[in-house]
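Inspection log for the structure reproduced underneath, given as structure tokens.
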There are 2 protein chains.
Amino acid sequence: MSREAKVPVTIVDVARKAGVSTATVSRVLHKSPKVDATTRARVQEALEELGYSPNIPARSLVTKRTRTVGLVITTIADPFFADIVRGVEDVAIENDYGVILCDSNADPEREMATIRLFQEKRVDGIIVASSRVGDLYLGLLEKTKVPVVLVNNEKTGAYVYSIGTDDVAGGEMATEYLIRLGHRRIGYIAGLADAKSNHDRLTGYRQALRKHGLPFDSSFLAPGNARPDGGLSGMNQLLTNCPSLTAVFCYNDLTAIGALKALRIAGKSVPDLVSVMGYDDLLFAAYSEPPLTTIEQRKYDLGAIAMRMLLDLQSGVESVSNNVLEPRLVIRESCSPAKS
Amino acid sequence: MSREAKVPVTIVDVARKAGVSTATVSRVLHKSPKVDATTRARVQEALEELGYSPNIPARSLVTKRTRTVGLVITTIADPFFADIVRGVEDVAIENDYGVILCDSNADPEREMATIRLFQEKRVDGIIVASSRVGDLYLGLLEKTKVPVVLVNNEKTGAYVYSIGTDDVAGGEMATEYLIRLGHRRIGYIAGLADAKSNHDRLTGYRQALRKHGLPFDSSFLAPGNARPDGGLSGMNQLLTNCPSLTAVFCYNDLTAIGALKALRIAGKSVPDLVSVMGYDDLLFAAYSEPPLTTIEQRKYDLGAIAMRMLLDLQSGVESVSNNVLEPRLVIRESCSPAKS
DNA sequence: ATGAAAGCGCTAACAC
DNA sequence: GTGTTAGCGCTTTCAT
């Protein structure tokens with residue numbers, strides 16, 4: 001096993017081999033036009049033969065750019081965030097950027113560590129797709145002096161840009177669909193209490209109610225946690241507190257599959273006895289029993305656009321500071337006309 | 001809005017403010033014992049007041065370590081990989097490491113770009129949790145000269161270490177459970193054809209069959225793709241080719257929910273008419289209808305251990321090169337005794 | 001069109 | 001215990 005000594009080739013080696021200065025090598029590396037064709041060829045050859053790979057950290061030292069962005073998400077365990085990550089990833093790699101991922105798990109300490117790490121690594125920008133962002137956190141973010149784009153969250157502070165789904169429209173759309181189906185007693189199982197998305201969807205729900213002259217009854221609200229177990233317990237609470245409801249709008253699809261399970265256990269068939277509406281349109285929404293009627297968010301685009309905004313900001317293009325994407329109703333089989 | 005000029009504070013600023021040399025500042029930064037207590041205090045104060053944040057790229061230039069690792073996964077859309085990511089993340093952040101994530105999507109070109117990126121960023125190590133690794137890819141990986149640990153894949157080459165689940169044991173365990181339940185005609189819906197995990201689970205399946213004197217019939221094998229749609233089509237194929245089967249072992253849980261849907265559409269009740277077995281024990285396995293009996297993999301640990309191995313390798317500790325974790329049977333409701 | 005040289009922020013000998 | 005200094009690999013004026 002002849003493990004060769006590890007001698008990384010530098011720009012100096014290339015320069016020597018090609019018989020030029022390091023400045024020239026640097027120029028061909030950056031495709032500067034002012035290099036003679038033959039010189040360029042000679043350098044290219046040396047580059048190839050030596051298998052040169054630029055040392056980005058070294059380059060960063062002088063350019064002050066690292067071609068790296070930081071991405072914070074609530075938790076990668078939620079497929080919704082997974083799609084956002086894919087979006088960010090894809091456009092990042094297309095542009096030779098790397099992304100450092102951190103899931104905060106909504107843990108403040110973790111968030112602090114993350115921001116510190118990003119700072120020390122001198123990332124060129126930060127994307128925060130964490131549904132709830134502590135004040136402390138946001139303060140730090142501003143001090144960080146690099147562009148920040150928030151996904152599905154509020155634009156806050158001078159340095160912050162954002163991209164999100166119009167969640168109040170989404171909440172209204174979901175609820176209105178249920179109302180059109182003849183439902184009058186519609187529950188809502190919440191997500192994380194302090195998430196903007198939760199607040200907005202609830203607002204949409206109330207708007208739809210008001211619009212159709214339906215009373216808002218806070219006993220039709222159940223807490224959740226954006227996860228299946230929260231959907232399960234939320235549904236159970238609804239079942240005992242308001243046995244008369246005929247439909248329930250869930251904060252997200254994860255919550256909905258928990259609700260579906262609670263209903264199954266209670267022996268209430270869906271959608272015959274109660275309709276359930278999700279949100280997000282995750283992959284498995286089409287595979288649940290019954291397949292979930294839900295509100296689609298352009299998850300992938302949320303991430304891709306966020307990354308593009310960062311790139312624009314990078315290159316000095318003043319991009320729109322606050323983008324919003326429209327949600328879309330996806331009708332499957334978990335909602336049906338009210339029976340009564 | 002007094003957007004202050006962006007003047008990152010350096011070690012020189014701190015040194016000046018504290019009235020010491022940069023070397024001393026560096027020493028306190030690294031908790032070197034040979035610094036006088038009062039000097040240390042003075043430096044600490046300067047550090048705080050100036051809000052100093054070390055410039056990692058600069059440091060890397062001299063130390064040749066970036067405190068960054070690269071992580072390649074097949075696709076973040078599969079919750080199985082999401083858990084692995086969480087595991088590596090967690091131990092990385094604990095150790096002040098950053099992780100650059102890339103999903104390869106099993107796209108060779110993407111894989112090349114990824115490796116190039118990792119190289120240029122001078123990552124300290126690479127974790128590959130991509131279920132299929134092209135030869136080309138592996139070759140590159142070796143040339144990369146940094147420690148590589150493979151997750152759920154083969155140890156290959158001098159620089160490569162690995163951690164994985166014993167998938168042949170898992171496949172055997174799954175199949176044997178079905179056999180014990182009285183099933184004789186058991187199908188297998190595959191994952192990606194060239195994935196080691198797929199190969200191993202199939203091997204386990206055949207071993208169980210042999211062990212119990214059951215014949216192996218290749219018409220009981222259906223192709224899949226490790227995703228729900230593959231499970232759906234695979235199950236449909238099985239349904240038409242071998243209507244007599246009473247149980248099916250699926251490459252993973254994602255495949256299983258696809259199979260469940262196919263069965264539902266075909267009007268075959270699960271587990272009464274056909275039992276279905278999954279693999280992975282994803283979060284939603286407990287929420288499907290019926291809840292999935294499956295083989296648990298320690299997904300999070302796979303990632304956490306991989307990262308720890310990298311850390312060990314970093315510090316010169318020769319760690320075990322080939323770790324294997326045992327799978328575990330999780331009994332829920334998608335499998336029942338054979339009726340005939 | 002090309003080269004010389006300065007310097008980015010930091011660490012690590014080495015000297016005192 | 002502390003300071004001086006020489007780079008790490010690269011880009012970028014500034015000359016030529």
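Proteins get letters first, then strands, A, B, ... in listed order; numbering begins at 1 in each. Worth knowing before you read on, the calculation uses all heavy atoms, side chains too, and leaves out hydrogens, waters and symmetry mates.
Screening A:Asn152, A:Asp83, A:Ile84, A:Leu325 for a side-chain contact (heavy atoms from CB on, under 4.5 Å) with A:Gln297, the sole residue that qualifies is A:Asn152.
A donor-acceptor pair under 3.5 Å is formed between the side chain of B:Asp78 and the backbone N or O of B:Phe80. A donor-acceptor pair under 3.5 Å is formed between the side chain of B:Arg67 and the backbone N or O of B:Asp96.
With sequence neighbours excluded, the residues satisfying side chain to side chain donor-acceptor pair (under 3.5 Å) with B:Tyr300 are B:Asp90. Taking A:Arg308 as the reference, A:Val91, A:Ala304, A:Ile305 meet the side chain to side chain contact (heavy atoms under 4.5 Å, CB included) condition, with sequence neighbours excluded. Partners of A:Ser315 under the side chain to side chain donor-acceptor pair (under 3.5 Å) rule, at least two apart in sequence or in another chain, do not exist in this structure.
Side-chain contact, A:Thr75 with A:Asn105: no donor N or O sits under 3.5 Å from an acceptor N or O. Between the side chains of A:Thr68 and B:Lys121, a donor-acceptor pair is found at a separation under 3.5 Å. Side-chain contact check for A:Asp124 and A:Thr66: at least one donor-acceptor pair (N or O, by modelled atom type) lies under 3.5 Å.
Near DNA chain C, defined here as any heavy-atom distance below 4.0 Å, there are no residues from residues 34-48 of chain B.
Summarising the geometry, atom NZ belonging to A:Lys64 is positioned 7.0 Å from atom CG belonging to B:Asn55; distances are rounded to the nearest 0.5 Å.
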Reading nucleotides 4-16 of chain D from 5' to 3' and marking B where a protein heavy atom lies under 4.0 Å of the base, S where only the sugar-phosphate is that close, and - otherwise, the string is B--BBBBSB----
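Each end of the helix from C:dA1-D:dT16 to C:dC16-D:dG1 yields a helix axis from five base pairs, and these two axes differ in direction by 40° (to the nearest 10 degrees).
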